[in-house]
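The structure under discussion appears below in the form of structure tokens.
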2 protein chains.
Amino acid sequence: MLGFFDDLKKEYVIKNMYPSRPLLNYLWNDTTVCACDQFGFGTSWSVINGVRRSIESGIRNLSIFDGERLLYIKDKEDNAFYSPNRNYKKECFDDFACHVGLGYQKVVSNYKEIKTEFTTLVPSEGNAVLFAVKIINESQRKKSLDLYFMLSPKIENGGHEAYTSADFDARLNGIYYDVTGDKLPNEYIKSYLSTNKKIKSFAVSLNDFRGLYNTFENPEGVMADKLCGKGSVFEEKYIGAFQYEVEISEGETFETVIVCGFGKNYEDCLTEAKRFSNKDTFDKELQKQRERCDSCMGGMEIETPDAHINSMANIWLKRQLSLGKDWGRLYGRGFRDVMQDTAAFVALDTPLARKRIQEILKHQYEDGNPVRMFEPDNTSPFNDSGAWIPATVLAYLYESGDLSVLDEKIPYRKGDSYENAYKPEGFLPYRGTEERYSVFEHVQRAMDYLYSSRGKRGLVLFRHGDWNDSLDGVGLQGKGESVWCTIATIKAYNEFIQILDLAGKHDLISVYTARRNELKENVLKYGFEGKHLLYGFNDYDEKIGSDDNKYAKIFLNPQTWAVLADLADKKTLHLLMDQVEERLSCEYGYVQCAPSYTEGTKRIGRMSYFKAGLVENGSVYNHGVAFKIVADCLLGRGDNAYQTLKKISYDNPSNPNNGMEPYAISNMYIGPESKYRRGDAPMSWVTGTAGWIYRAIMEYIIGIRPVKNGLLVSPCFPKTWNNVQVKRDFRGATYCIKFIRSQKFSITIDGKEVEGNVLPIGKMGEYYNIVVYFD
Amino acid sequence: MLGFFDDLKKEYVIKNMYPSRPLLNYLWNDTTVCACDQFGFGTSWSVINGVRRSIESGIRNLSIFDGERLLYIKDKEDNAFYSPNRNYKKECFDDFACHVGLGYQKVVSNYKEIKTEFTTLVPSEGNAVLFAVKIINESQRKKSLDLYFMLSPKIENGGHEAYTSADFDARLNGIYYDVTGDKLPNEYIKSYLSTNKKIKSFAVSLNDFRGLYNTFENPEGVMADKLCGKGSVFEEKYIGAFQYEVEISEGETFETVIVCGFGKNYEDCLTEAKRFSNKDTFDKELQKQRERCDSCMGGMEIETPDAHINSMANIWLKRQLSLGKDWGRLYGRGFRDVMQDTAAFVALDTPLARKRIQEILKHQYEDGNPVRMFEPDNTSPFNDSGAWIPATVLAYLYESGDLSVLDEKIPYRKGDSYENAYKPEGFLPYRGTEERYSVFEHVQRAMDYLYSSRGKRGLVLFRHGDWNDSLDGVGLQGKGESVWCTIATIKAYNEFIQILDLAGKHDLISVYTARRNELKENVLKYGFEGKHLLYGFNDYDEKIGSDDNKYAKIFLNPQTWAVLADLADKKTLHLLMDQVEERLSCEYGYVQCAPSYTEGTKRIGRMSYFKAGLVENGSVYNHGVAFKIVADCLLGRGDNAYQTLKKISYDNPSNPNNGMEPYAISNMYIGPESKYRRGDAPMSWVTGTAGWIYRAIMEYIIGIRPVKNGLLVSPCFPKTWNNVQVKRDFRGATYCIKFIRSQKFSITIDGKEVEGNVLPIGKMGEYYNIVVYFD
């Protein structure tokens, strides 16, 4: 058994110590992120003043989960030792469980009548990671044990090991890593590892702890009577290891807390270490993290016949979405990504959504096109970013009813997105004259930019790429046109027109409606190949996503987004989605394109150089699969939507050993055209897919979403679902909704039947009982 | 026992499998370098078109010796396995030896009646590393074995794993690592691992070979019956592993050759693999490497009563010096470093010395100051580089008698060393008008630059630093003056005056003599503190290396170089060297300065931020120790010179466990003021110290060095040496010199006594028997 969901505790419990790949969890606060696998292994880092500073680093540096955080227990009776969280020798433990929690990770094992609990926690604020170790003597006699704890704090030495030393410090009751130097990467140059219990000995270097010629199966330090207890200098690899003497009688418990962090100087480190390294603080911080996580769990809860979907929608997708909400993509904040995450969490944290809209619009250039990514910057001129704005702003307006956000003044990013990039002949980027503009003006300027940045077919230009980051060769000369990006613009115009309506700017509606219709015509004229839509045209007037081509004859997103954008009549949209089913389906999802490229060309870009079946080149890219589920629902294809969701589920029997965490969404499954590792899910957690799957379930399958006058109820269930219950908070009221399969659609509120399918806006604090009879 | 020298085979034989740190060897040709330790572990890389391209990479990336090159042998009778070159489980081998060779490394072990030989070789040319594995059945019965070989070829994926795949290829009889991609770091994008014997199976990923949760003690692949035999894609860590079925009767032998390399495309890889993966080629290339190495072993050979010094001077220092000669400092080529190495190997490869002089002078700016480092560039304006030129040119002229080199035309590096750096007020850098200038003009311009680049005391400016790279804060404002660099300039003028004499430019001698005398006066006026010389003055007119200071009251190099530059009368020079003995001596050498800084200041620079006892901040920096030995000899202090040499020897009983290779010189021993790791020698091989220790022994202790009219004989032996024999090749003649302790100094050539202490230039091909009676 891999494990099970414990929804009451909001935990997933991993029971298999050695799954087919490490199962990941992230812990974080506003400045610190910590990665954990089922052993509690991983690394951590902080961002301060916009600069990333690692707290821990792995020894091998293969991935952020490669950081050893090791416990060993040695029984002094026979000197036999084992690692209760890692069990290198695969001894037969009596029990093992890793509790994947929200904001913490707890690894529990039982072996030789000793129960060990190892909890990792990121405190509610601050730049440190906390660990608690608890040992319970479950035997009938006294035990004399040595407990060891080891990890690798990151030493930022600015490239010269002569700047570094480490030693035990009595005031810290721990190890102080003293880095000097005049060319260091940041001002947080000192590190510490501190504990609240008396230690027997310590080690500061990998060679002292593990031994130069040993592995972690048999570390020299643990095999010896005592750790070396020596400081060191000029080490290639510092670690921090403590040895505790643990004498516990039957039923007794030993507990210690360890904190790893950094500071600008010794006093900083001491203050932080003292603040965090005690059990009370640990327990309080654990409680705070629970509360913080719980506060993101509201908004909407569902109870469907599918327990896994319930756990995902009610707990885990909200959690994964929060990682995006708080940390972007970890490696940086993409404009497109933050916009999507914000649209997804608007019901979960409406005030934060307002704040994010204001923050992110600062990254829109004066010409109206936002930057691709910030923190750190990626200024390659992608053209799709603006198309993501209206959906998010509209979602906020519908959720909150707060139109005032449209009047907030936000500065533009200086300059324009054509700086240092190819400019079409005669191109004059728009430049504003005032420093701050309203949110409304930002949205409008994005719409104007997209309309102005078009090619000879009247389709939106690719420039450096669009949603498909890897089509980075198609438009560099400023000629290639994107069918998909034009459809995305049409969808954005649809949303902008609703914003105009809400904002009372009715005079503008006809202008933007006309433009939108023009874009629709152009897409259908140039982009429709009889049965499916092209992806676009490159700089050389070559079609992308056409049956005329050898590779990538059809792409997923233009078809699904045609539905999202309401591009054409229903029959045509069904035709497109039938093509998706026919040509892009596989046993574990839908591929981004087919067939995959197997020859790279600069006329296409990175995508064509990727191995077949990987990432944008024919993988089951789950972001696109989420769009597909939404499209299915919009067309009333509920069984298709549900089956698609189940295909990408971790327990799809057609794709065993995919490696997925049951409680997370991955970026992709390696596609069926790959020669190797078909169906593997190597990249989880860090993806905007979480937000889209969340919305697909809540807003489209369950079908509850805010509209102008209230909550739309538009369920699109699979045939097998007869009863579903939902709790939805909306503008301060609570809607308790029971879905009952029936002969025809009707809704009652507190027993009274209402017209149509929109629940009216309720009163603050009120509680409404709603029954939806659906057919 | 650590091991022993086998001078006949020019090997050091390591017998201790687990020394206190890995013992290093380097193998190389003109384009490829390979690092090896006593297991044969290490990594390798090539430089093509000035770009570095790794061949192998380690899994942990801690150091270039961290690359696993692993053998396992499994006996099918009981499925027990072990690693014959690494022996992770520290089983009791019957024998182990690592033969540290010149151009190869051979690890031999005996266990369970199986002898295994694992030889690593860099071929005489090309971008590949070769391995030969030989298994000999020394039992009395047939053995059915599985042999495994594994290493990690470096995959240069340009930052995206989706560009990569690897699989077995039948034509290669090995693994082909197929990298595609449009943003790769170089054009050598494909890698291969090929063998000449039929394999039973293979693996391409670390997870397949070692297992996701195993260590190399118990790799999953070896524990299984067969390696997985699967290709893979999108791997974080590719490896290459072969499994061979080995059936050998008693006394029988199994041999295989493996080659790891890269190419631009598949055909390239195939050609290279076929060229190298056979036993004949391996044997031929081994022979070529022996010849190549032997060709650098000539010049001068000695037989003293000290066997270690004989091995070092006759074999190992020449070898280590060759690494500098061929590869600079591996991380780049410093102007200063190449100049020194060239001066040291001029007798070993005189034509190459001529070539190097021409090559390196291209890196001198038009203003006369050379660049600090090239390949890659370090353009920080260091001021000492020019002072190293005359010694090297003069050494070449004296060794070869070939004055024509002075007329060779060499272009300057465009621009001047003040570009992008602080320029003193009113400074106008000299700019030539012609493109190419003679070597002589280069030397002269360097001399003129040094004279022009002086501060208010008439001492040469520090600018970014001098020999002491870590005094990088003292002169950035263009005011700080270096006493040491002025002394180095005086020494350079002494040598330049000899060049003027040889070149017949007698009219210039008085000009440069006057300047030199002026510099001497200035040093003695401003730099002499009664008993020792300062290091200099920083931009704030603060003294460096003064008793007035809290830290670094005295530096080693100004005292020793005063002797090298013949700065003052003998009494003063002895006084300085007495200070060195009194204030800078420790049990394992002489420290760079005392006391070490323990507070960093930007007015000094990096040196003051280094931990006490490290690198320039108070370590036993062996480069400086070598200067000290030369100074001792120049003052006739032979016992001091010899004792100093023995202090830094690997077997100094006062500094056991220093970790040094018996056959190499390290950059430093961690100094006595370090709180930790005192006496450790963590950085060996890659240091210009090898050349200087070589010269200290050959030219100053033995005391044979070319001068204007022949070979100077100026021995400076320790009292304990009574008989020494030397063979010296010089201008095509061979001088066989026997030193015999006597009452007074005299020399006979072929039995005839000659006047003075210079052996006249002999006839080409002649052989002279010389006896030197010394007192």
Side-chain angles (χ1 to χ4, degrees), chain A residues 17-18 20-22 59-63 86 88-90 160-167 178 180-183 206-207 212-218 230-237 470 472-473 599-602 605-606 608-611 613-617 619 670 674-677 680 682, chain B residues 17-18 20-22 59-63 86 88-90 160-167 178 180-183 206-207 212-218 230-237 470 472-473 599-602 605-606 608-611 613-617 619 670 674-677 680 682:
Chain A
M17 202 166 188
Y18 309 108
S20 66
R21 74 155 164 74
I59 286 162
R60 292 163 298 183
N61 292 319
L62 272 189
S63 82
R86 178 56 180 85
Y88 277 106
K89 293 172 187 170
K90 299 189 181 170
H160 211 305
E161 287 138 6
Y163 291 138
T164 66
S165 68
D167 205 347
D178 186 25
T180 44
D182 51 345
K183 291 168 191 75
L206 181 63
N207 287 345
L212 188 56
Y213 299 113
N214 289 33
T215 68
F216 283 124
E217 278 188 44
N218 290 301
K230 287 190 306 189
S232 193
V233 71
F234 200 70
E235 288 283 347
E236 279 176 334
K237 190 69 200 173
S470 297
D472 59 359
E599 287 174 277
T601 164
K602 290 203 179 294
R606 187 172 78 170
S608 66
Y609 292 91
F610 285 162
K611 297 297 178 204
L614 286 173
V615 210
E616 289 92 345
N617 191 26
S619 83
I670 295 178
S674 174
K675 283 176 79 176
Y676 317 100
R677 299 182 65 188
D680 267 17
Chain B
M17 201 165 188
Y18 309 108
S20 65
R21 74 155 165 76
I59 286 162
R60 292 163 300 184
N61 292 319
L62 273 187
S63 82
R86 177 57 179 83
Y88 277 104
K89 294 174 186 168
K90 298 189 181 170
H160 211 304
E161 286 139 5
Y163 290 139
T164 65
S165 68
D167 204 347
D178 185 26
T180 44
D182 51 344
K183 291 166 190 76
L206 181 62
N207 287 344
L212 189 55
Y213 299 113
N214 288 33
T215 68
F216 283 125
E217 278 187 43
N218 290 301
K230 287 190 306 190
S232 194
V233 71
F234 201 69
E235 289 284 346
E236 280 175 332
K237 191 70 200 173
S470 297
D472 58 0
E599 287 174 278
T601 166
K602 291 203 179 292
R606 186 172 79 168
S608 66
Y609 291 90
F610 285 162
K611 298 295 177 205
L614 287 174
V615 209
E616 289 92 345
N617 191 24
S619 82
I670 295 179
S674 174
K675 283 176 79 176
Y676 316 100
R677 300 183 64 188
D680 267 17

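Just so we're on the same page: letters track the sequence lines, and every chain starts at 1.
- For chain B, the option among A:R86, A:K675, A:E235, A:K611 with the highest count of heavy-atom pairs below 4.5 Å is A:K611.
- Residues A:Y163 and B:R606 come closest through the heavy atom pair OH-CG, 3.0 Å.
- For A:S20, the part lying near chain B is the backbone, with the side chain staying farther off; criterion is any non-hydrogen pair under 4.5 Å.
- Your options are A:G600, A:G613, A:S232, and the one with the most heavy-atom pairs under 4.5 Å with chain B is A:S232.
- Only the side chain of A:S674 comes within contact range of chain B, with heavy atoms under 4.5 Å apart.
- In terms of non-hydrogen atom pairs under 4.5 Å with chain A, the most contact-rich of B:R21, B:E217, B:H160, B:M17 is B:E217.
- Between the side chains of A:K237 and A:N207, no donor N or O sits under 3.5 Å from an acceptor N or O.
- Taking chain B as the reference chain and counting heavy-atom pairs below 4.5 Å, the highest number among A:K90, A:K230, A:K602 is found for A:K90.
- When each of A:F234, A:Y609, A:F610 is scored by its heavy-atom pairs under 4.5 Å with chain B, the top score falls to A:Y609.
- Between B:P682 and B:R677, some side-chain heavy-atom pair lies under the 4.5 Å cut-off.
- Chain A forms more heavy-atom pairs under 4.5 Å with one residue of B:T601, B:T164, B:N617 than with any other, namely B:T164.
- For A:K89, no part sits under 4.5 Å from any heavy atom of chain B, backbone or side chain.
- At a threshold of 4.5 Å between non-hydrogen side-chain atoms, the residues B:L212 and A:P22 count as touching.
- Looking at A:N218, the atoms closer than 4.5 Å to chain B (heavy atoms on both sides) sit in the backbone and in the side chain alike.
- Two residues are said to be in side-chain contact when any heavy atoms from C-beta on lie closer than 4.5 Å; A:T215 and A:Y88 fail this criterion.
- Rounding to the nearest 0.5 angstrom, the gap separating the CG atom in A:D680 from the OG atom in A:S619 is 12.0 Å.
- For A:K183, the part lying near chain B is the side chain, with the backbone staying farther off; criterion is any non-hydrogen pair under 4.5 Å.
- Proximity to chain A involves both the backbone and the side chain of B:V233, based on heavy atoms less than 4.5 angstrom apart.
- A donor-acceptor distance shorter than 3.5 angstrom exists from the side chain of B:S608 to the backbone of B:G605, with no hydrogens or angles considered.
- Taking CG of A:L614 as the reference point, atom OH of A:Y676 lies at 11.5 Å (rounded to 0.5 Å).
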